[in-house]
Amino acid sequence: MKFEYDILVIGAGHAGCEAAAAAANLGAKTCLMTMDMNKIAQMSCNPAIGGIAKGQIVREIDALGGYMGIITDKSAIQFRMLNRSKGPAMWSPRAQCDRTKFSLLWRETLENIPNLHMWQDIATELIVEDGKAVGVTTQLDAEFRARCIIITAGTFLNGLMHVGKVMIEGGRTAEPAAKGLTESICKHGIRSDRMKTGTPVRLDKRSINLELTEKQDGENDFHRFSYKNTKRNLKQRPCWMCYTNPEVHEILRSGLDDSPLYNGQIQSIGPRYCPSIETKIVTFAERDRHLLFLEPEGEDTQEIYVNGFSSSLPMEIQLTALRKIPALKDAVAYRPGYAIEYDFFDPTQLKHTLESKILENLFFAGQVNGTTGYEEAAGQGLIAGINAALKVKGEKPFTLKRDEAYIGVLIDDLVTKGVDEPYRMFTSRAEYRILLREDDADMRLTKKSYAIGLADKERYDRVCRKEELMQQLMKFIEEFSIKPNLINAALEELGTTPLSHGCKLVSLIERPQIGITSIAKYIKALNEKLEALGDDRDEIAEATEIQLKYKGYIERERELAEKMNRMENIRIKGKFNYGELQSLSTEARQKLTAIDPETLAQASRIPGVSPSDINALMILAQR
């Protein structure tokens, strides 16, 4: 049988779901192919969304009209804002989710998007004609044709799982590997390699002595992932903390000879910033304990995810070691942790749209580009889905710069620098993180998305109203006068210096000890102004306060970004034969030839290309 679509998405993980939804919502006739429709958007590892920098990506996905934020809020069983002790550039939302409900909500969402079809099958071969990807054949011997194809196969391409010396082919526990697709892609000149990731043991909560752990409750304030203010309706659950100890470490060391990571069984590189427990005890041998989080997998289930104990050691070693922790003395496991190796494709062979430079109409998103994490995958999927749909419609591509979004930083890092280990986003990767806060992703991105037809009118109107109300509140605070005799008692109560003379309210708000909502109860006019904001009071007050307190930092960073953006306007792709430019270093010639950057700014971010190389290119470009 033959099936014909505008867009074909291979794989219904977090990247595939956002890609298919975006393409369909932009009017493209789209098909999402997955090997199991009951495991759409499966949380293969931690049942949590967000975290440091990852939470900002989810806010950006939501601001652009994606679904991860909405579905996270609806399935959340615990919410926390991380890094609140630091500045707002570091604040990162994180939610523990009900794994089953998260997946069911995604399926329900996808099945009700117009233009979106689903097919349960496995793609086995890419069809290429005249240098263009035109379709795939499947395990069921069906042929799917499409004008653009997006590969979002996660860890399934030639997936191989490891538990000690035991090796099982598969892309996830109890699910088969996808074979043949990697080879059919690579024969056209696209490079692939192998990566490794892992997941921890799952325990039965009834077997854990929670009295010997430290309880960690969530927060229940106005913060959400979605700017649509989606309610958290599920029963909120705590997490618990406990620690490993020297006895645990000794047992783990006794199993290192049978560890796939250390006996040569696993050749590929795992994530540096999410190491297995065996990597921790080797790398940090001086530490006598490591923190573990016991996290619920759902609203009602007894299944517990042991965050911090990812492992591919033999299962008897894993369980024996865990039982040396007092709280886990009688622990009963649902299944052991395991490592998985899988194929990925060199992302430097991609454009910023995530379309292949080698095969036209072929896009890649998610872990197949060498990333790790649901959020990084979903952000890529959204951009790939948008650009595939825009290409079908004959419209100009949609990309995000490094000063516009963490998603822009992520994609630029991938296509410019490539990867030699699973890529994970951190706030430190962004040069302009004060511009990329979680509170203002809607103001940064929603209008851009509305302009291409993805973000709907409701989102657009909401962000316009937010900006207007923020301007009104800011104007009031900047113009309202404060007299010492009316406020000094309140200032002393708030732990800050009393006034010796009158000032504008903004001068008080700029103090670190004072916030808009904390001072409002002492200033009737300000409190009335906040009350008029209704349900949006806290969100608008916080966003306005950040703008006022950090105005100087924001303006300075914007100036730096604008200087770099001037280099983004100097296009160099196709203008030089780098191999012949003797004014460049040998490494620069090799790297520039391999990556062929679009702009001078992109060239400046390539490892091995020095400032002197950039100066030489700038002079040549001016000529």
Side-chain angles (χ1 to χ4, degrees), residues 14-15 49-61 63-64 68 82-83 86-94 195 197 269-275 344 346-348 350 352 354 364-367 369-384 399-441 444-445 550 553-554 556-558 560-565 567-568 591 595 597-599 601-609 611 614:
H14 303 276
I49 295 293
I52 297 170
K54 293 168 175 281
Q56 284 89 325
I57 290 176
V58 182
R59 293 282 268 174
E60 291 172 356
I61 290 168
L64 289 165
M68 181 176 262
L82 307 184
N83 279 342
K86 300 178 181 178
M90 307 293 283
W91 296 353
S92 302
R94 182 186 188 273
M195 275 190 178
T197 189
I269 298 173
R272 179 193 305 264
Y273 300 106
C274 188
F344 78 98
D346 180 359
T348 63
L350 299 176
H352 279 77
L354 297 180
F364 294 88
Q367 283 186 266
N369 285 340
T371 62
T372 182
Y374 310 141
E375 304 82 2
E376 291 91 338
Q380 293 173 69
L382 184 71
I383 297 301
T399 58
L400 295 169
K401 296 196 288 287
R402 296 180 73 91
D403 63 320
E404 292 177 328
Y406 272 96
I407 295 173
V409 175
L410 164 66
I411 292 174
D412 186 64
D413 278 352
L414 292 175
V415 304
T416 300
K417 301 175 182 178
V419 291
D420 55 11
E421 62 186 52
Y423 179 100
R424 180 179 181 178
M425 179 54 72
F426 290 102
T427 52
S428 58
R429 295 191 190 272
E431 311 93 308
Y432 313 113
R433 57 181 177 267
I434 194 69
L435 304 180
L436 306 182
R437 307 180 311 278
E438 59 83 28
D439 68 277
D440 74 339
R444 286 186 275 123
L445 300 174
Y550 296 90
Y553 297 102
I554 292 169
R556 188 181 314 148
E557 207 153 270
R558 172 54 57 203
L560 291 172
E562 287 172 356
K563 287 180 182 178
M564 179 56 71
N565 284 337
M567 289 178 65
E568 295 283 5
K591 295 286 183 67
I595 294 172
E598 295 280 344
T599 68
Q602 186 190 352
S604 72
R605 295 189 290 270
I606 298 173
V609 178
I614 294 301

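Here CD1 of Ile269 is found 6.0 Å from CG of Asp420. Values are rounded to the nearest 0.5 Å. The structure places CD of Glu562 at 9.5 Å from CG of Leu560, a figure rounded to the nearest 0.5 Å. Between atom CD of residue Glu438 and atom OG1 of residue Thr427 there is a gap of 13.0 Å, rounded to the nearest 0.5 Å.
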Practice prompt. For side chain to side chain contact (heavy atoms under 4.5 Å, CB included), just list the numbers for Arg429 and Tyr423, CA-CA rounded to whole Å, side-chain angles, deciding distance to a tenth of an Å, and then say yes or no.
Written response: CA-CA 11 Å; Arg429 295 191 190 272; Tyr423 179 100; 2.9 Å; yes
Worksheet entry | Derivation and outcome, side chain to side chain contact (heavy atoms under 4.5 Å, CB included), residues Glu421 and Thr372 | CA-CA 9 Å; Glu421 62 186 52; Thr372 182; over 6 Å; no
Item to complete: Go through the steps for Leu382 and Met68 under the test side chain to side chain contact (heavy atoms under 4.5 Å, CB included), then give the verdict.
Response: CA-CA 10 Å; Leu382 184 71; Met68 181 176 262; over 6 Å; no
Fill in: side chain to side chain contact (heavy atoms under 4.5 Å, CB included) between Leu414 and Gln380, worked out
CA-CA 10 Å; Leu414 292 175; Gln380 293 173 69; 3.7 Å; yes
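Taking each heavy atom of Pro347 and Gly418 in turn, the nearest pair found is CG-CA, 4.1 Å. Here the shortest heavy-atom pairing between Ser604 and Met567 reads CB-CE, 4.2 Å. Nearest approach of Tyr406 to Ala89, heavy atoms of both residues: OH-O, 4.3 Å. Between Gly51 and Arg94, the closest heavy-atom pair is N-CB, 3.6 Å. Minimum interatomic distance between Ala15 and Gly366 (heavy atoms only, all atoms of both residues): CB-CA, 4.0 Å.
Although no hydrogens or angles enter the test, the distance criterion places no donor-acceptor pair under 3.5 Å between the side chain of Glu376 and the main chain of Gln367. Distance alone, capped at 3.5 Å, is enough to place a donor-acceptor pair between the Asn369 side chain and the Phe364 backbone. Distance alone, capped at 3.5 Å, is enough to place a donor-acceptor pair between the Glu60 side chain and the Ile407 backbone. No donor-acceptor distance shorter than 3.5 angstrom exists from the side chain of Lys54 to the backbone of Met425, with no hydrogens or angles considered. Under a 3.5 Å cut-off, the side chain of Glu375 and the backbone N or O of Val58 do not form any donor-acceptor pair. The main-chain N or O of Met90 is found under 3.5 Å from a side-chain atom of Ser92 such that the two form a donor-acceptor pair. Without hydrogens or angle criteria, Glu557 side chain to Ile434 main chain gives a donor-acceptor distance under 3.5 Å. At distances below 3.5 Å, not a single donor-acceptor pair connects side-chain atoms of Trp91 with backbone N or O atoms of Gln56.
The shortest distance between side-chain heavy atoms of Thr416 and Pro597 does not fall below 4.5 Å. No side-chain heavy atom of Thr399 sits under 4.5 Å from any side-chain heavy atom of Ile383. Looking at heavy atoms from C-beta onward, Met195 lies in side-chain contact with Val419 at the 4.5 angstrom threshold. Proximity of Arg424 to Pro271: side-chain heavy atoms (C-beta onward) are nowhere separated by under 4.5 Å.
No more than 12 heavy-atom neighbours from other residues, nucleotides or ligands sit within 6.0 angstrom of OH on Tyr553. Taking a 6.0 Å sphere around CZ of Arg558, one finds it holds more than 12 heavy atoms contributed by other residues, nucleotides or ligands.
Across Leu400, Leu436, Leu435, a single residue satisfies side chain to side chain contact (heavy atoms under 4.5 Å, CB included) together with Arg444, and that is Leu436.
A salt bridge is defined here as a Lys NZ or Arg NE, NH1 or NH2 lying under 4.0 Å from an Asp or Glu carboxylate O, and Asp403 with Lys401 fails to meet this definition.
No cation-pi contact links Arg437 to Tyr550, judged by a cut-off of 6.0 Å to the six-membered ring centre and 45° from its axis.
A donor and an acceptor atom, one from each side chain of Asp346 and Thr348, are located under 3.5 Å apart.
The aromatic rings of Tyr374 and His14 sit tilted relative to each other, their planes meeting at an angle between 30° and 60°.
Considering only residues two or more places apart in sequence or on other chains, Arg605 meets the salt bridge (Lys or Arg N to Asp or Glu O under 4.0 Å) condition with Asp412, Glu568.
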